[in-house]
Amino acid sequence: MQDNSLYDMENSLLEDALDADPQADRILEGLNESQHEAVSSELRNMLIIAGAGTGKTRVLVSRIAWLIKHFHIAPRNIMAVTFTNKAATEMRERLALMVGNSVQMSLWANTFHSICLRLLRAYASYAGLIPGFTILDTDSQVSLVKRLMKDMNIDTKEFKPSDIASNISKQKENGIRALAFSKMISAKSPDYVKVTSQVYNVYERVCNQENSVDFSELLLRTVELLENNQEIRELQHRRFKEILVDEFQDTNAIQYRFLRLIAGPDSHVLVVGDDDQSIYGWRGADVSNMRKFLKDFSNVKEVLLALNYRSTQKILDVANTIIGFNSDRLMEKVLKGNFGEGEKVRILNCANNKTESSAVSERIASLHESGVAYRDIAILYRNNYLSLDFEQTLLRKHIPFVIYGGQKFFERAEILDAIAYMRILVNEDDDTALLRIINTPSRKIGPKVVDGLRTIANERNCSLIKAMRLLEAHVHSDNVDKTLASLYKKVAVFCDLLKVLKEKKESLSLSAFADEMLRITGLYQFYQEKDFKEGKDNEEHSRYANLGMLISNIKEFESNSTAPAVSDESAPESTADSDEKKEEDPLLTYLSNITLVSTGELNEDGETASGTDAVNLMTMHSSKGLEFKYVFLVGFEKDILPSRMCAFSDKSLAEERRLAYVGVTRAKTALYISYSQNRSLFGKVEATGASSFLRELVREYKGKHDVPLTIESISSASYY
DNA sequence: GCCGCCTTGGTTTTT
DNA sequence: CCAAGGCGGC
């Protein structure tokens, strides 16, 4: 603060000259001292360490508003990066409230992945991609890996394709290409590493051939594009002057590398994060990026937000104690509350999982009787399967509830089938999509026919669609080969179908085309019959109904994108500097959108469900960023909370503890922590008991005054 | 090529 | 206990 008075002076002169927006100062109203310091700081690199519930998003949004209103930074010179779409949407919404709707047109507030996608679409050919490349979702990635492994005669039982696929992704997330990875392999490497390397080599080549990129490829490609192309890199440096990153503790190696590359010598980067809430280490998130940031970026100002606006002090005391057992924290934060002492945290020691779910439901019922809305209550657990007992008990007591998580709409088989048809229309080389639906619904194109086709494609080094075309041409020539003719006869139905689909795509609107597509491919009928056979035809989420919801979703997308300025159109400096893509194919835009913006559950209108008054059930992972007045942390048990799987290393134990901390800090008014002495799991009853985190917590308060918690025992006789 | 039985395995989740 | 995928029989 002191040593930057010069900057301050410069800035205030600038401000005077430009007639500072009188509204600018209102942005700072109601901020506490450290929030104020962060928001109104001079232009520079910043690391904001924001404890749970300390107004992180508010600071981020206010800072952006301050950049625009006070420093007169053009929205197009700002990039705000989030980890999830949910966070990106929230940020845009809150920003719109503060600085108006028009800003988000030119301001990039998006996930790492969609930002990289935009850059790759704008500079596709520079990145070695053909415009119109498709994105492989996880499902497609695994099926591609599986196909390659079978081709390579690798036992897919010994080495699970999903493991190999995620190993490949892990390498990409560390910026390691197939060639580099193979050089790291030695004879001593474990078999699965060797297999990963072998498959990675082929996988990389085939992805290029099929003109498709998986999720981690989006990042890696962009990083390579920026590294190898000075002109494009400097173009971005000129554009992105102020870069802000949310949930920085969740960034992985390749995302960090991207940040370093996208920030120019006179750009500023502001990152917000909480090392104590880093719970995604198992999928590559690297908390040490926070430390690296201080080292790699110049003159970083650190701001600590520790004043909590969410919970009572007793809840915060428990949270502070739990996280206090972690060593190696970036900074020891002690959360300080704003809302008084509150009730003691109640620990429920239950005889078994049935008494636990009964006790919790009972308390929810009495809370509701005393006037608490169901939507203000949450049940949080470590593992998804723990929700089962609570679902049953709540159902029996007629307490409404919603479960978050579970199968995602865009991961359902019927939706993926529909998407695969769309993908091959956008990208003919996408064999992975083609192989998914060439015989779905059944067209009597079995493995033998497919193999025949693949042989031709391999010989000619071309896609399967191309191979079919060659076959067709051959059949119409002289000297027709008999086996080829019979092969063509088998696939002709599909060839013709593709032709019809192509015509329809050109002549119809996107949603009309999609509806027509589902009809003529037979997917509607196929899934309607399947639903009927399995007696699911009247279910709310029957597969047939889901296909209908897909159409609603496309219609919604259509009506959003007919608005004048489509957000995706604005590639950086695209009009001046990029020769790619004039008008984007709406189908391609839609596909990119749903693969990257995979919405959770959709209701009949194709929008995410909310608004009903119901108790919230979810994992502690998915509760991050949320808050509830009443929180029940259930199954707080040995072998569940420090998960049995990762209790081996200190590192993962610390992460499990952070997960407990995240759970505790969701509660505003009251917190209950429950555990069972016995739990029936996968059919058999096991003796469990309190989590070690609970033991160390209770031990800490032994013999002390002002203990913020109480323990109640609930015997099996209490409920039945 | 399809249906059904049987084996097998079952943290966390986003893009 | 339950869901999904593989394989064998028709």
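Every value quoted in this text rests on a predicted model; they were computed, and no experiment measured them.
When the C1' atom of B:dT11 is taken as reference, atom CZ of A:R679 falls 14 Å away, rounded to whole Å. A:I438 has its CD1 atom 15 Å from the C1' atom of B:dG1, to the nearest Å. If you measure from atom CG of A:L386 to atom P of C:dC1, you get 18 Å, rounded to the nearest angstrom. Atom NZ of A:K684 is separated from atom C1' of B:dG9 by 12 Å (rounded to the nearest Å). For A:R283 and B:dT12, the CZ to P distance is 13 Å, given to the nearest whole Å. As rounded to whole Å, 14 Å separates atom P of C:dC1 from atom CG of A:D389. A straight line from CD of A:E247 to C1' of B:dT14 spans 12 Å, rounded to a whole angstrom. Atom CD in A:E655 sits about 9 Å away from atom C1' in B:dT12, given to the nearest Å.
When heavy atoms are screened at a 4.0 angstrom cut-off, A:N85 is found touching the sugar-phosphate backbone but no base atom. As judged by a 4.0 angstrom heavy-atom cut-off over every strand, A:K448 is placed among residues making no nucleic acid contact. Using a 4.0 Å heavy-atom cutoff across all strands shown, A:F83 reaches sugar-phosphate atoms only and no base atom. If you check every strand for non-hydrogen atoms under 4.0 Å, A:L641 touches nothing. Using a 4.0 Å heavy-atom distance criterion, A:K444 is classed as a sugar-phosphate-only contact. Among the atoms of the strands shown, only primed sugar atoms or phosphate atoms (P, OP1, OP2) are found under 4.0 Å from some heavy atom of A:N384.
The residue among A:G446 and A:L596 whose nearest nucleotide of DNA chain B is located toward the 5' end is A:G446. With DNA chain B read from its 5' end, the first of the two nearest nucleotides for A:T595 and A:N383 is the one closest to A:N383.
Minimum atom distance to the side chain of A:F682 is reached by C:dC1, of the listed C:dC1, B:dT15, B:dT12. Minimum atom distance to the side chain of A:R382 is reached by B:dT11, of the listed B:dG1, B:dT11, B:dT15. Comparing B:dT11, B:dG1, B:dT15 by their closest approach to the side chain of A:T111 singles out B:dT15.
Judged by distance alone, with hydrogens and angles left aside, the side-chain atoms of A:N439 form a donor-acceptor pair with the main-chain N or O of A:K444 at under 3.5 Å. Using a distance-only test at 3.5 Å, with no hydrogens or angles considered, no donor-acceptor pair links the side chain of A:D417 to the main chain of A:L523.
A stacking contact between A:F215 and B:dT14 is absent: the pair does not combine a ring-centre distance of less than 5.5 Å to the base's six-membered ring with planes differing by less than 30°.
With respect to the salt-bridge test (charged N to carboxylate O, under 4.0 angstrom), the residues A:R382 and A:E656 qualify. Salt-bridge check for A:E224 with A:R177: passed, with a basic side-chain N closer than 4.0 Å to an acidic carboxylate O.
Between B:dG10 and A:K160, a contact under 4.0 Å exists linking OP1 or OP2 to a side-chain N or O. Applying the 4.0 Å criterion to OP1 and OP2 of B:dT13, one finds that A:S622 has a side-chain N or O inside that range. Note on A:K86: every side-chain N or O is 4.0 Å or more away from OP1 and OP2 of B:dT14.
Using cut-offs of 30° and 60° for the angle between ring planes, the A:Y280 and A:H621 rings count as tilted.
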Criterion side chain to side chain contact (heavy atoms under 4.5 Å, CB included) on A:R423 and A:I419, from CA distance to verdict: CA-CA 6 Å; A:R423 262 166 55 187; A:I419 290 171; 4.1 Å; yes
CA sep, side-chain torsions, deciding dist, call: A:E247, A:Q249, side-chain hydrogen bond (donor to acceptor under 3.5 Å, both in side chains): CA-CA 5 Å; A:E247 302 279 15; A:Q249 77 282 351; 2.7 Å; yes
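Glycosidic conformation, B:dT12: anti, with the torsion outside 90° of 0.
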Summarise how protein sits on nucleotides 2-10 of chain C as a single string, 5' to 3': B when a protein heavy atom is under 4.0 Å from the base, S for sugar-phosphate-only contact, - for no contact. ----SS---
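Here the two rings, on A:Y544 and A:F532, have centers that are 6.0 Å apart or farther.
For the salt bridge (charged side-chain N to carboxylate O under 4.0 Å, His left out) with A:R329, the lone residue among A:D276, A:D274, A:D275 that qualifies is A:D276.
Judged by distance alone with a 3.5 Å cut-off, a donor-acceptor contact links the side chain of A:T138 to the base of B:dT15.
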